[in-house]
Amino acid sequence: MSGVVTGDAVVLGLQPARLPSRALAVLIDLVVVWAAYVLVMIGLVVATASLDEAAVAAVSVAAFLLVLVGAPIAVETLSHGRSLGKAACGLRVVRDDGGPIRFRHALVRGAMGIVEILMTFGVVACVASLVSERGRRLGDVFAGTLVVRERVPAARVLPVPPPPPWLVGRFAGLDLSAVPEGLWLEIRQYLTRARELDPGVGRQLAERLAGQLVARTGTPPPAGVPAEAYLAGVVAERQARDARRALAEAGGGVGVGVGTGAGVWTGTGTGVGTGAGVPGGFGGGGAGVAPAAAVPSGFSPVVPPVQPSAGPRTGAPPASAPAVGSSREDGPPATGFAPPA
């Protein structure tokens, strides 16, 4: 990786492209460009058959400059440093500060490419790329550019081995707030690669990391605990705390949502069925027999009639009163309406 400092003083880790990948990209570009140049020359020969030799020579030079020099410059400018060969190889031309190139950068690289690649068959470019620390040819040096790799293989992430069972929960009261992230990363890398190290070297590395961890936490490891097991136990404790924190945050969000929804439609009404609870309030009239179900405002629930029962009860009609709609022996059936006075 190469440290590239941007204009905002940010260090970028870029992987410069080396000679094999750059040579393959240039070879693909040359094959495409020369194939296009041959097709253009065939068309010009047919079109300029009636012209004299001077005119044919002028058209040939113009076609050479436009196809072999102008076309690569235009492609790099429009694609921000990705020609067809570079796109196939996963490369890109960038500025020294990591930004995209412009026309002047592509122009300088194309002009120097005539000397480095076309006139010397790539010898000068190969020698300059081998000598340069970041694999740059002369065109990159004069233009202030760098060819980097865009497709970097992802590193294989190995799981951290679990601590011994007798160490689980032993570091629950350990203060880990002062441990920097860099030290956590070193400990994790050691634990994932401990089996690949020499036993003596791995033991010394574990003791050094355990000493740094003790200096940050202020608590020495338990007596008789190896350094590697101590590191694994502390890392497992940190992972458990992170998992609990994440679950607590997720549970808090869910609880707020459920409580809000329940509060919106909560309502308890009392009465024979004449009071319906509305959102966020209590409704109803009189002493009731059963609570009325809460419904959203704007809806009228259908309440079934309450059947009278024997015995006195608050809100119920007296036992001697005839039921609505019942018939009498000495008169017509009651209609439920009183005649006007």
With Asp242, the side-chain hydrogen bond (donor to acceptor under 3.5 Å, both in side chains) member among Gln239, Arg244, Arg245: Arg245
Given side chain to side chain contact (heavy atoms under 4.5 Å, CB included), test Val234 with Leu213 step by step and report yes or no. CA-CA 9 Å; Val234 175; Leu213 190 59; 3.7 Å; yes
Do the side chains of Leu44 and Met41 get nearer than 4.5 Å, heavy atoms only? yes
Is there a side-chain contact between Asp29 and Pro72, using heavy atoms and a 4.5 Å cut-off? no
Which value, rounded to the nearest 0.5 Å, describes the distance between Arg18 atom CZ and Arg134 atom CZ? 10.0 Å
Side-chain touch Arg136/Ser129, heavy atoms, less than 4.5 angstrom: no
Distance from Trp184 atom CH2 to Leu209 atom CG, nearest 0.5 Å? 11.5 Å
Establish whether Phe64 and Val45 are linked, either directly or via other cluster members, by ILVMFWY side-chain heavy-atom contacts under 4.5 Å. no
If hydrophobic clusters are built by linking Ile, Leu, Val, Met, Phe, Trp and Tyr wherever their side-chain heavy atoms come under 4.5 Å apart, do Leu118 and Val61 end up in the same one? yes
Pair Arg238 + Glu181, salt bridge at N-O below 4.0 Å: yes
Carefully, step by step, assess Glu150 and Arg82 under the rule salt bridge (charged side-chain N to carboxylate O under 4.0 Å, His left out). CA-CA 10 Å; Glu150 283 192 317; Arg82 294 192 69 186; 3.3 Å; yes
Would you say the side chain of Trp166 lies within less than 4.5 Å of the side chain of Val225, judging by non-hydrogen atoms? yes
Nearest 0.5 Å please: distance from the CG atom of Leu27 over to the SG atom of Cys89. 9.0 Å
Would Arg170 and Glu237 pass as an ion pair if we require N to O under 4.0 Å? no
Beyond-backbone contact of Thr217 with Val179, side-chain heavy atoms, under 4.5 angstrom: yes
Verify side chain to side chain contact (heavy atoms under 4.5 Å, CB included) between Ile42 and Val38, making sure each step is shown before the conclusion. CA-CA 6 Å; Ile42 293 176; Val38 170; 4.0 Å; yes
Among pairs that include at least one residue of residues 199-235, which meet ring-ring contact (aromatic ring centres under 6.0 Å, His included), considering only residues two or more places apart or in two chains? Phe171-Tyr230
Kindly compute the distance separating OH (Tyr37) from CG (Leu66), expressed to the nearest 0.5 Å. 10.5 Å
ILVMFWY cluster, Val32 and Leu68 together (side-chain gap under 4.5 Å): no
Within the structure provided, determine whether Glu207 and Gln212 are in side-chain contact (heavy-atom separation under 4.5 Å). no
Assess the residue pair Leu176 and Arg241 against the criterion (side chain to side chain contact (heavy atoms under 4.5 Å, CB included)); give the C-alpha distance rounded to whole Å, side-chain angles, the decisive distance to 0.1 Å, and a yes or no. CA-CA 10 Å; Leu176 305 178; Arg241 293 183 185 181; 3.7 Å; yes
What is the distance from atom CG of Leu205 to atom CD1 of Ile187, rounded to the nearest 0.5 Å? 10.0 Å
Does the side chain of Leu91 reach to within under 4.5 Å of the side chain of Arg22, using non-hydrogen atoms? yes
Under 3.5 Å donor-acceptor, Tyr190 side chain and Gly202 backbone: yes
Tell me which donor-acceptor pairs under 3.5 Å the side chains of residues 101-117 have, and how far apart each pair is, sequence neighbours excluded?
residue, atom, partner, partner atom, Å
His105, ND1, Arg102, N, 3.0
Arg109, NE, Asp140, OD1, 2.7
Arg109, NH1, Glu76, OE1, 3.0
Arg109, NH1, Glu76, OE2, 2.8
Arg109, NH2, Asp140, OD1, 3.3
Glu116, OE1, Arg137, NH1, 2.6
Glu116, OE1, Gly139, N, 2.8
Glu116, OE2, Leu138, N, 2.8

Within one Ile-Leu-Val-Met-Phe-Trp-Tyr cluster: Phe142 and Val124, side-chain cutoff 4.5 Å: yes
According to a hydrophobic-cluster definition based on side-chain heavy atoms being under 4.5 Å apart (Ile, Leu, Val, Met, Phe, Trp, Tyr only), do Leu30 and Leu84 belong together? no
With heavy-atom distances below 4.5 Å as the criterion, would you say the side chains of Arg195 and Pro161 are in contact? no
Between Trp34 and Val67, does a side chain to side chain contact (heavy atoms under 4.5 Å, CB included) hold up when you go through it step by step? CA-CA 8 Å; Trp34 278 103; Val67 177; over 6 Å; no
Drop me the distance from Arg92's CZ to Leu146's CG, to the nearest 0.5 angstrom. 13.0 Å
Correct closest heavy-atom pair for Val40 and Ala63 would be CG1-CB, 4.3 Å
